[in-house]
Visitor: 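My structure is below; once you've seen it, I'll send some questions.
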Amino acid sequence: MLQLFNTMSRSKETFTPLNGKEVRLYSCGPTVYNNAHIGNLSTYVVVDLFKRYLSYRGYSLLHVMNLTDVDDKTIRASRNEGVPLAELTQRYTAGFMKDLESLNIGHADNYTAATEHIDDMISLIETLVEKGFAYESEGSVYYKIAMFPEYGKLAGLDLEGMLDGARVDNDEYAKESARDFALWKAWTEEDGDVFWESSWGRGRPGWHVECSAMAMKYLGETFDVHTGAVDLIFPHHQNEIAQSEAATGKPYVKYWLHREFLNIGGSKMAKSTGNMSTLSEIGRTPADIKAFRYLVVATHYRTGLNFTEEVLEAAKSTMRRLTNLLDRLETVDSSGGAAQVSDSIVRTRQLFIEHMDDDLNTARAVADMFELVQETEGWLSQGALTTESATALYDFFQELNQVLGIFYTLPEEEGEVSLSEDLADLIQRREQARKNRDWSEADQLRDELLAEGIAIKDTAKGTEWERV
RNA sequence: GGCGGCAUAGCCAAGUGGCUAAGGCACAGGAUUGCAAAUCCUUGAUCCCCGGUUCGAAUCCGGGUGCCGCCUCCA
């Protein structure tokens, strides 16, 4: 039985979807005003891993992810650049999709853009006003948190303690209480041509209401799983609960999954402070990008990951070993091996599932895989595999890869089967030097190739190269 | 000020009462190689500190120290 840590109960719970084997899942997506940083992306890798595991275990999925394409930051960025809002958000949406592809993240069934669901948000806000959970003030509409007794529960905060905290926003004179949050923001001059008409006048929706409206539209008033990173627990997800449950009178979400932060230099990444890296900054080669995916996958999602160049290099080494193993399995051609691989495969599968079932304990699940990796390496070096047993092992590693998603080919790798003439020529000259036993010449050429990013290895089958 | 998390070998990271404390990376020694790469073999920690509970604790309790996060836009 799959156990998941539910933020609401702060404990692991047996996962039982509302409707049999169907899982309805909502993930808070990006605000598309900038390139995503690797912290953002790591959260989507975790969601992808979760989805893959659910599929592996026979669940069917309906997954919705929002794209926040109107808010303070998108408007500010579009003003700063002097481009229309839609142009800006389309550009970064495209960038986001490319990052997802680079990281082998499967698509959601629906990416819902906020600007295409303004009517849904307005009607949700109207319901909240009618029911007395929200009030209009100076053209804006605010949620009255005093009306929602369980406000703060998701984050383990109690209202009184929060009010003592003193760090409240004093700019919002229009609100009855400093903690009330905006559902609808009245148009201001900075918004330019970004506004929608409503019964409260021109304006735009608040951020929190966007997720409630779109999640419920596509997944129903109560759905199974809602994901995000830990920073969204409060206030964003708490506000979603307050809005949705006040409007429907029903529970909003059954399981809340939150990913711990990925840090850089020991502290959190944030676009606002500049302490961040994008995928293209850390991923100069396909190997870097795939190593990043491995790194995220192999670390437990509720454990913080401190990203450094060093851990990325370690992940690259690990991936080299794994891809090397798959290559070796593919080339086994023997009928005389004696290894009994099926018991090992069955045992590994069982352990893998047992550990993934434990709140997606990928650290252990990957270790389980490595037990078999080590065993397989032993068989290979002893020549103990038949073609059939090698294929069985290869297929099983691909089976695990259905969940882990670490073995894949990036678009830019497709055309990598040949080298430029210059580089091919260098390799030829080195081959000649080696035939002549001119080792110093050969070694020098090897260094030149390495400087061009080409690593050379002389194998029994001849000289091979790869980009590093 | 309030709330929460973490501290395990050089680095990353499992394990939450009991066999020899998983796994990965790095390093070192050996085999192989023209030299490398790859591959194969071998080697490392008593678990932040102090006290307590227990036959027995990395694992539970109390205290301390350090780091991180949330309470405000934020994956």
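So that the names make sense, note that chain A is the first sequence line, chain B the second, and so on, each numbered from 1.
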Visitor: Quick one, which residues of residues 426-437 of chain A touch RNA chain B with a heavy atom under 4.0 Å?
Guide: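 The answer is Arg430(A), Arg434(A).
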Visitor: Taking atom C1' in both U59(B) and A22(B), compute the distance separating them and give it to the nearest angstrom.
Guide: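 Each nucleotide's C1' atom is 15 Å from the other's.
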Visitor: Below 4.5 Å, heavy atoms only, C-beta onward: do Trp184(A) and Val209(A) meet side chain to side chain?
Guide: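 They are not in contact (no side-chain heavy atoms under 4.5 Å apart), so the answer is no.
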Visitor: Taking only N and O in the side chain of Thr31(A), is any of them less than 4.0 Å away from OP1 or OP2 of C73(B)?
Guide: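 For Thr31(A), the contact criterion (side-chain N or O under 4.0 Å from OP1 or OP2 of C73(B)) is not met.
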Visitor: For G24(B), does either OP1 or OP2 sit under 4.0 Å from a side-chain N or O belonging to Arg321(A)?
Guide: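 For G24(B), OP1/OP2 do have a side-chain N/O of Arg321(A) under 4.0 Å.
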Visitor: Under a 3.5 Å distance rule, please check whether Asn239(A) uses its side chain to pair with a backbone N or O of His236(A) as donor and acceptor.
Guide: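 Checked: no pair found.
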Visitor: What nucleotide among A37(B), U39(B), A22(B) has an atom nearest to a side-chain atom of Thr459(A)?
Guide: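 The listed nucleotide nearest to Thr459(A)'s side chain is A37(B).
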Visitor: Would you say CD of Glu448(A) has more than 12 non-hydrogen atoms from neighbouring residues, nucleotides or ligands within 6.0 angstrom?
Guide: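 Correct, the count exceeds 12.
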Visitor: Between atom NE2 of His37(A) and atom CZ of Phe307(A), what is the distance when rounded to the nearest 0.5 Å?
Guide: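 Between atom NE2 of His37(A) and atom CZ of Phe307(A) there are 12.0 Å.
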Visitor: Ignoring hydrogens and angles, answer whether the base of C35(B) and the side-chain atoms of Asp458(A) contain a donor-acceptor pair closer than 3.5 Å.
Guide: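 Check passes, donor-acceptor contact within cut-off.
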Visitor: Assign Ala363(A) to base, sugar-phosphate, or nothing according to its heavy-atom contacts below 4.0 angstrom with the strands shown.
Guide: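 Since a base atom lies under 4.0 Å of Ala363(A), the category is base.
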Visitor: Measure from CZ on Arg76(A) to C1' on C73(B) and round the result to the nearest Å.
Guide: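 Taking CZ of Arg76(A) and C1' of C73(B), I get 9 Å after rounding.
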Visitor: Start at the 5' end of RNA chain B and walk down; is the nucleotide closest to Ser440(A) or to Asp368(A) reached first?
Guide: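 Whichever sits nearer the 5' end wins; that is Asp368(A).
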Visitor: Distance-only criterion, 3.5 Å: show the donor-acceptor pairs between side-chain atoms of residues 95-104 of chain A and protein atoms not counting sequence neighbours.
Guide:
{"from": "Ser102(A)", "atom 1": "OG", "to": "Lys98(A)", "atom 2": "O", "distance (Å)": "3.1"}
{"from": "Asn104(A)", "atom 1": "ND2", "to": "Gly405(A)", "atom 2": "O", "distance (Å)": "3.0"}

Visitor: By nearest atom, which of the nucleotides G24(B), C70(B), C25(B) is closest to the Phe261(A) side chain?
Guide: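 Of all the options, the side chain of Phe261(A) is nearest to C70(B).
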Visitor: Atom CG of Leu41(A) to atom C1' of A75(B): distance rounded to whole Å?
Guide: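 Whole-Å distance recorded here is 9 Å.
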Visitor: On a whole-Å scale, what distance lies between the P atoms belonging to C27(B) and G10(B)?
Guide: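 The answer is 15 Å between these two P atoms.
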Visitor: Keeping to residues at least two apart or across chains, list the salt bridge (charged side-chain N to carboxylate O under 4.0 Å, His left out) pairs with something in residues 292-306 of chain A.
Guide: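 Of all non-adjacent pairs touching residues 292-306 of chain A, those that pass salt bridge (charged side-chain N to carboxylate O under 4.0 Å, His left out) are Asp48(A)-Arg293(A), Arg302(A)-Asp359(A).
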Visitor: Please give the distance between the C1' atoms of U43(B) and G30(B) as a whole number of Å.
Guide: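 Pairwise C1' distance, U43(B) against G30(B), rounds to 11 Å.
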Visitor: Select one nucleotide: of A22(B), A75(B), C12(B), the one nearest the side-chain heavy atoms of Ala229(A).
Guide: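 The closest nucleotide is A75(B).
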Visitor: Rounded to whole angstroms, how far apart are CD on Glu377(A) and P on G23(B)?
Guide: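 So the two atoms are 13 Å apart, to the nearest Å.
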Visitor: Side chains of Ser440(A) and Asp443(A): do they bring a donor and an acceptor to under 3.5 Å?
Guide: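 Side chains of Ser440(A) and Asp443(A): no pair found under 3.5 Å.
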Visitor: Using atom C1' in both nucleotides, what's the gap between G44(B) and G64(B) to the nearest angstrom?
Guide: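 Approximately 30 Å lies between the C1' atom of G44(B) and that of G64(B).
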Visitor: Of the nucleotides C25(B), A14(B), C40(B), which has the atom closest to the Arg328(A) side chain?
Guide: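 It is C40(B).
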Visitor: Which nucleotide in the list A22(B), U39(B), A26(B) gets nearest to the side chain of Ser381(A)?
Guide: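 Comparing A22(B), U39(B), A26(B) against the side chain of Ser381(A), the answer is U39(B).
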Visitor: Taking atom P of G5(B) as reference, at what distance in whole Å does atom CZ of Arg302(A) sit?
Guide: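 Nearest whole value for this atom pair: 11 Å.
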Visitor: Could you tell me whether the phosphate oxygens of C67(B), OP1 or OP2, come under 4.0 Å of any side-chain nitrogen or oxygen in Asn263(A)?
Guide: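 Indeed not, no polar side-chain atom of Asn263(A) lies that close.
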Visitor: Which nucleotide, G23(B), G2(B), A75(B), lies nearest any side-chain atom of Leu157(A)?
Guide: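 Within the option list, the nearest is G2(B).
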Visitor: How close or far is atom P of C3(B) from atom NE2 of His258(A), stated in whole angstroms?
Guide: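 Checked: the NE2 to P distance equals 21 Å.
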Visitor: Closest to the Phe234(A) side chain: C71(B), A13(B), A75(B)?
Guide: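 The listed nucleotide nearest to Phe234(A)'s side chain is C71(B).
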Visitor: Return no unless some side-chain N or O of Thr303(A) is found under 4.0 Å from OP1 or OP2 of A14(B).
Guide: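 Looking at the OP1 and OP2 atoms of A14(B), one of them is under 4.0 Å from a side-chain N or O of Thr303(A).
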Visitor: Got a second to check how far Glu464(A)'s CD is from Thr459(A)'s OG1, nearest 0.5 Å?
Guide: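 Answer rounded to 0.5 Å: 4.0 Å.
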Visitor: Let me confirm one number: the CD1-CZ distance from Ile456(A) to Arg434(A), rounded to the nearest 0.5 Å.
Guide: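 It is 9.5 Å, given to the nearest 0.5 Å.
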Visitor: Picking from C12(B), A14(B), G23(B), which would you name as closest to the side chain of Val311(A)?
Guide: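 Among C12(B), A14(B), G23(B), the one nearest the side chain of Val311(A) is C12(B).
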Visitor: Go through the side-chain N and O atoms of Thr188(A) and Glu190(A) and say whether any donor and acceptor fall under 3.5 Å apart.
Guide: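 Yes, side-chain donor-acceptor contact under 3.5 Å.
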Visitor: What nucleotide among A36(B), U39(B), G15(B) has an atom nearest to a side-chain atom of Lys457(A)?
Guide: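 My answer, after comparing the listed nucleotides, is A36(B).
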Visitor: For nucleotides G17(B) and U54(B), find the distance between their C1' atoms and express it as a whole number of Å.
Guide: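 That atom pair is separated by 9 Å.
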Visitor: Between atom CG in Leu404(A) and atom P in G24(B), what is the gap in whole Å?
Guide: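 So the two atoms are 15 Å apart, to the nearest Å.
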Visitor: Select one nucleotide: of A26(B), C11(B), A75(B), the one nearest the side-chain heavy atoms of Met269(A).
Guide: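 Shortest atom-to-atom distance from the side chain points to A75(B).
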Visitor: Given atom CD of Glu441(A) and atom P of C35(B), what is their separation to the nearest angstrom?
Guide: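 Rounded to whole Å, this separation is 19 Å.
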Visitor: Sticking with atom P, work out how far C6(B) lies from U16(B), rounded to a whole angstrom.
Guide: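 Each nucleotide's P atom is 13 Å from the other's.
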Visitor: Between Lys268(A) and C70(B), is there a contact of a side-chain N or O with OP1 or OP2 at under 4.0 Å?
Guide: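 It does, given that an N or O in the side chain of Lys268(A) lies less than 4.0 Å from OP1 or OP2 of C70(B).
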Visitor: Does either side chain, that of Tyr53(A) or that of Asp357(A), offer a donor lying less than 3.5 Å from an acceptor on the other one?
Guide: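 There is such a pair between these side chains.
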Visitor: In whole angstrom, what separates Arg320(A)'s CZ from A37(B)'s C1'?
Guide: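 After rounding, the gap between these two atoms is 10 Å.
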Visitor: Which pairs would a plain distance check flag for residues 323-330 of chain A, meaning a side-chain donor or acceptor within less than 3.5 Å of a matching protein atom at least two apart in sequence or in another chain?
Guide:
{"from": "Thr323(A)", "atom 1": "OG1", "to": "Met319(A)", "atom 2": "O", "distance (Å)": "2.9"}
{"from": "Thr323(A)", "atom 1": "OG1", "to": "Arg320(A)", "atom 2": "O", "distance (Å)": "3.2"}

Visitor: Determine whether a donor-acceptor pair (one donor, one acceptor, N or O, separation below 3.5 Å) exists between the side chain of Arg446(A) and the base of C35(B).
Guide: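 Check passes, donor-acceptor contact within cut-off.
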Visitor: Determine the minimum heavy-atom distance between Ser212(A) and Ser244(A), stating which atoms define it.
Guide: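 In terms of heavy atoms, the two residues are closest at OG-OG, 2.9 Å.
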Visitor: For Arg430(A) and Asp458(A): C-alpha separation, side-chain torsions, deciding distance, then whether salt bridge (Lys or Arg N to Asp or Glu O under 4.0 Å) applies.
Guide: CA-CA 11 Å; Arg430(A) 178 168 174 281; Asp458(A) 302 318; 2.8 Å; yes
Visitor: Regarding A75(B), can its base be found pairing with the side chain of His37(A) as donor and acceptor, where the two atoms are less than 3.5 Å apart?
Guide: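 Side chain to base: pair found, below 3.5 Å.
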Visitor: Could you identify which residues of residues 181-191 of chain A place a heavy atom less than 4.0 Å from some atom of RNA chain B, listed by residue number, or say none?
Guide: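 When residues 181-191 of chain A is checked for heavy atoms under 4.0 Å from RNA chain B, there are no hits whatsoever.
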Visitor: Would a 4.5 Å heavy-atom cut-off, applied to side chains only, mark Tyr294(A) and Lys316(A) as touching?
Guide: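 Heavy-atom side-chain distance check fails, nothing below 4.5 Å.
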Visitor: For C71(B) versus U39(B), give the span between their P atoms, rounded off to a whole number of Å.
Guide: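 That atom pair is separated by 46 Å.
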Visitor: U33(B) and C19(B): how far apart are their P atoms, nearest whole angstrom?
Guide: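 Comparing P positions in U33(B) and C19(B) gives a spacing of 44 Å.
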Visitor: Any residue in residues 89-103 of chain A with a heavy atom nearer than 4.0 angstrom to RNA chain B? Just list them by number, or reply none.
Guide: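 When residues 89-103 of chain A is checked for heavy atoms under 4.0 Å from RNA chain B, there are no hits whatsoever.
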Visitor: So what does Lys316(A) hit on the nucleic acid, given a heavy-atom distance under 4.0 Å: a base, only sugar-phosphate, or nothing?
Guide: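 Contact class for Lys316(A): none.
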